[in-house]
2 protein chains.
Amino acid sequence: MERITATYYIETPFAPEKAAEVLAGEQSSGTFVAVPGETAELKARFAARVESVEHLETVTTPAIPGATSATGQYHRALVKVSWSIENFGYNLPLMISTLQGNLYEIRQFTGLKLMAIDIPDSFANHYRGPAFGIEGCRKLTGVYNRPLIGTIIKPSIGLTPEQTAGMVQTLAEAGIDFVKDDELMSSSANSPFEKRVDAIMEVINRHADKTGKKVMYAFNLSGEIDEMQRRYEKIVNSGGTCAMVSINSVGISATKKICDIGELAIHGHRNGWGMMTRHPLLGIDFPAYQKLWRLAGVDQMHVNGIDNKFWETDDSVVRSIEACLTPMFGGYSALPVVSSGQWGGQAPETYRRTKTVDLLYMAGGGIMAHPSGASAGVVALQQAWKAAVDGLSIEEAALQYPEFAQSVAKFGKKG
Amino acid sequence: MERITATYYIETPFAPEKAAEVLAGEQSSGTFVAVPGETAELKARFAARVESVEHLETVTTPAIPGATSATGQYHRALVKVSWSIENFGYNLPLMISTLQGNLYEIRQFTGLKLMAIDIPDSFANHYRGPAFGIEGCRKLTGVYNRPLIGTIIKPSIGLTPEQTAGMVQTLAEAGIDFVKDDELMSSSANSPFEKRVDAIMEVINRHADKTGKKVMYAFNLSGEIDEMQRRYEKIVNSGGTCAMVSINSVGISATKKICDIGELAIHGHRNGWGMMTRHPLLGIDFPAYQKLWRLAGVDQMHVNGIDNKFWETDDSVVRSIEACLTPMFGGYSALPVVSSGQWGGQAPETYRRTKTVDLLYMAGGGIMAHPSGASAGVVALQQAWKAAVDGLSIEEAALQYPEFAQSVAKFGKKG
């Protein structure tokens, strides 16, 4: 029978082997005393199995405060634990409860992070994965051989539908590929969802009729499920091609329901993610996390960006991009969404480290606040990526491209 | 216009006032450079507002590793931030993205935990809250003036429907009020959901016909949404009164959809919760968290238990029980589900500290592994609670009640 394997980075005052057995027991047939019915045969079929324990360093301060160790020592290790898929079948929430449930509460651990999940091939028969993925998003936007260039409507919240549509008009004329609502904006007092769709799609459809280029707009669908379904239909009927879901806030069952419809590319915003990963020894690591959402059918996954305005390191961002581009079952790729403080200056380093242009490269202020306006902002980003692929440094690119040079002057590191 | 206020426990190398302003900007109209359209009028209406900053201690080691401070100091504070409900209307996922979104990623914080949410009264017009709550669960089970006594089918996974139904029969005859699936068990290879419902409800309905007492069984519904809806109907049609949802794994949009049906009491299992709260300066605290789920309509909320087998302190458990029992909009109470390593010995302390019997008091091994069998296990728990309310100590209760005395001998602290 196929098994699913999870890799955990753990810290424990006990022998890691012993702590791993507690985890396996708690997450399959365990309770704190033996009970009738817990036969050897049943255990062999349904018990979680510790597959390996790789010892790492020992430290003298626990990763999560509050723990005590009789020896004053805390042992770190990588442990692999597996479950038969007979335990939960093809049910993502059950899989999450099994791999990420009560185990964070086990007192034998002073730190625990889910690092990787190996999912058996049979899942490909039960989950379509991203309905559009990288190829589909390129087809919907007509952009090939370079990143899709995108932006976020800012200010995040407060503009009227007409003001927002005006910005979209400017951006469309500037040659933008993709625009999105902020995650804080879905339907506000002065910008009801349906009115915003009407105003924006009128601009986008008119521009597409004239130029043949349809800007992809990710309307923030996040909400309660009936409303999401109604609004999804509204987008489809208005000629839109994309919807955004704040995946953590909405949850996986409702997100999958939306992805299953399959008529719009789904932009997966991971706000709230910091809580789940910011501590090095608590929560879940992105390579594991993104697999769950690709199974659910998310087409575009946020990965932060190089030299971002948040806490995350460049190494972590690079690993996240690579994770999204690594095939599952030979495909199921999601388009990595690079964002946060991006303005084009990060393009050379992003390309140098990932060697890919299969990205949705987002800049907010980096486009809208370009000294010569939004059009020049879009042009500067396209120049930055052309230069990056050509192997130019920021300085070399600035010499060659005037709009990019203006970005460097405004957004580049001073000093 | 009504405002929603969130209280955060923060740590920052910067002045707390400055960090709080960054949070407010990021979570409303902010971007990293000023953009056109960000008018003073718009800001006044939609900007988040820092309401107060209460300075706490300053430390020299950051709560979350990896941060650096120019001064080597990290300041802790409680900050209150408010938003107009015009920003997101009545939309729980949007509210979550606003109160718990990208703010965890802000590098100005070396620790951030959402401690409390003050929700305006108008939410009562848009959210029914728990359809059953404490009163409804008492009515469904016919239990008054004492905690509902419950147990979890163990081993968690591996029993056939017939074996499970056999246990339910034993437990029903023993006088149990409530039984639940483990969160790891929904539909496994040898216990398909529908067959388990048939087998268990036959036992429960037969017992109810004979005695007038209907055991509440929480079938683990957690899954993808269409399947949850089908299975919900199956439970209703079979005469069941309750379904369990792993709220974190399923997510709030789908959970609310299930709660909205309103024909079954919803047992909210919080597995995965440890990840969100175990670090003292990261994530969300239970009093804030439980409000979201009560708004969504969860009737029963897990709160762990006194002297539990997990990491959580008794103080934290007491606070969680009190949170569930504190009215929202004059009602909306959820029944606190006390569990984890409980056997009745914790009843006196639980009652002494909370002064309530409005609990679902769960024991797994504590009932099933009682030396004289499950019936004696249930009796022992009822005795423990009678003794607790009468103000008896464990020792006094053991002298008076023989079944409880056996529990003490088996499960009580040795030495």
Side-chain angles (χ1 to χ4, degrees), chain A residues 28-29 31-33 35 37-38 42 46 64-65 86-87 89 91 93-94 96-98 100-102 104-105 107 154-159 163 183-184 186-189 222-225 246 249-254 256-257 271-272 274-275 278-280 282-283 309-311 341 364-365 368-369, chain B residues 28-29 31-33 35 37-38 42 46 64-65 86-87 89 91 93-94 96-98 100-102 104-105 107 154-159 163 183-184 186-189 222-225 246 249-254 256-257 271-272 274-275 278-280 282-283 309-311 341 364-365 368-369:
Chain A
S28 55
S29 57
T31 180
F32 76 116
V33 287
V35 293
E38 205 170 348
L42 180 158
F46 293 101
I64 300 173
E86 286 198 317
N87 287 39
N91 178 330
L94 245 283
I96 290 170
S97 286
T98 304
Q100 286 186 264
N102 276 346
Y104 294 102
E105 312 237 8
R107 66 164 87 214
K154 298 275 178 182
S156 308
I157 183 154
L159 300 180
Q163 288 175 311
E183 79 273 12
L184 303 173
S186 177
S187 195
S188 69
S222 310
E224 293 160 24
I225 196 153
S246 289
S249 304
V250 164
I252 205 162
S253 295
K256 178 168 187 299
K257 178 76 179 167
N271 60 83
M275 173 171 71
R278 190 162 173 180
H279 193 286
L282 184 63
K309 66 174 173 173
F310 292 132
W311 67 278
M368 299 301 286
Chain B
S28 56
S29 58
T31 178
F32 77 117
V33 288
V35 293
E38 205 170 346
L42 180 157
F46 294 100
I64 300 174
E86 287 198 317
N87 287 38
N91 178 329
L94 245 285
I96 290 170
S97 286
T98 304
Q100 287 185 265
N102 276 345
Y104 295 102
E105 312 236 9
R107 67 163 87 215
K154 297 274 178 184
S156 308
I157 184 155
L159 300 180
Q163 288 174 310
E183 79 273 12
L184 303 172
S186 176
S187 195
S188 69
S222 310
E224 294 162 21
I225 194 153
S246 289
S249 303
V250 164
I252 204 163
S253 295
K256 178 170 186 302
K257 177 77 178 166
N271 60 84
M275 172 170 74
R278 189 160 173 182
H279 193 287
L282 184 63
K309 65 176 174 172
F310 292 131
W311 67 279
M368 298 302 285

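Just so we're on the same page: letters track the sequence lines, and every chain starts at 1. The figures that follow rest on heavy atoms only: side chains count, while hydrogens, waters and symmetry mates do not.
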**Prompt:** For A:I64, does its backbone N or O pair with a side-chain atom of B:R278 as donor and acceptor, under 3.5 Å?
**Reply:** no
Distance col, row A:L184:CG vs A:I157:CD1, nearest 0.5 angstrom, shows 6.5 Å
Per-residue tally against chain A (heavy atom, under 4.5 Å) across B:P280, B:S186, B:G283, B:A189 peaks at B:A189
Checked B:S188, B:G158, B:S222 vs chain A; the most non-hydrogen pairs under 4.5 Å come from B:G158
* To do: Apply the test side-chain contact (heavy atoms from CB on, under 4.5 Å) to residues B:W311 and A:E105: give CA-CA distance (whole Å), side-chain angles for both, the deciding distance (0.1 Å), then the verdict.
  => CA-CA 6 Å; B:W311 67 279; A:E105 312 237 8; 3.3 Å; yes
Taken to the nearest 0.5 Å, the spacing of B:S97 OG from A:N271 CG works out to 3.5 Å
Looking only at B:S246, B:G223, B:A254, most heavy-atom pairs under 4.5 Å shared with chain A are made by B:G223
Comparing B:G251, B:G89, B:G274 against chain A, the one with the most heavy-atom pairs below 4.5 Å turns out to be B:G274
In terms of heavy-atom pairs under 4.5 Å with chain A, the winner among B:Q100, B:M275, B:K257 is B:M275
Between the NZ atom in A:K309 and the CG atom in B:N102, the distance rounded to the nearest 0.5 Å is 7.5 Å
When the 4.5 angstrom heavy-atom criterion is applied to A:S187 and chain B, the contacting part is backbone
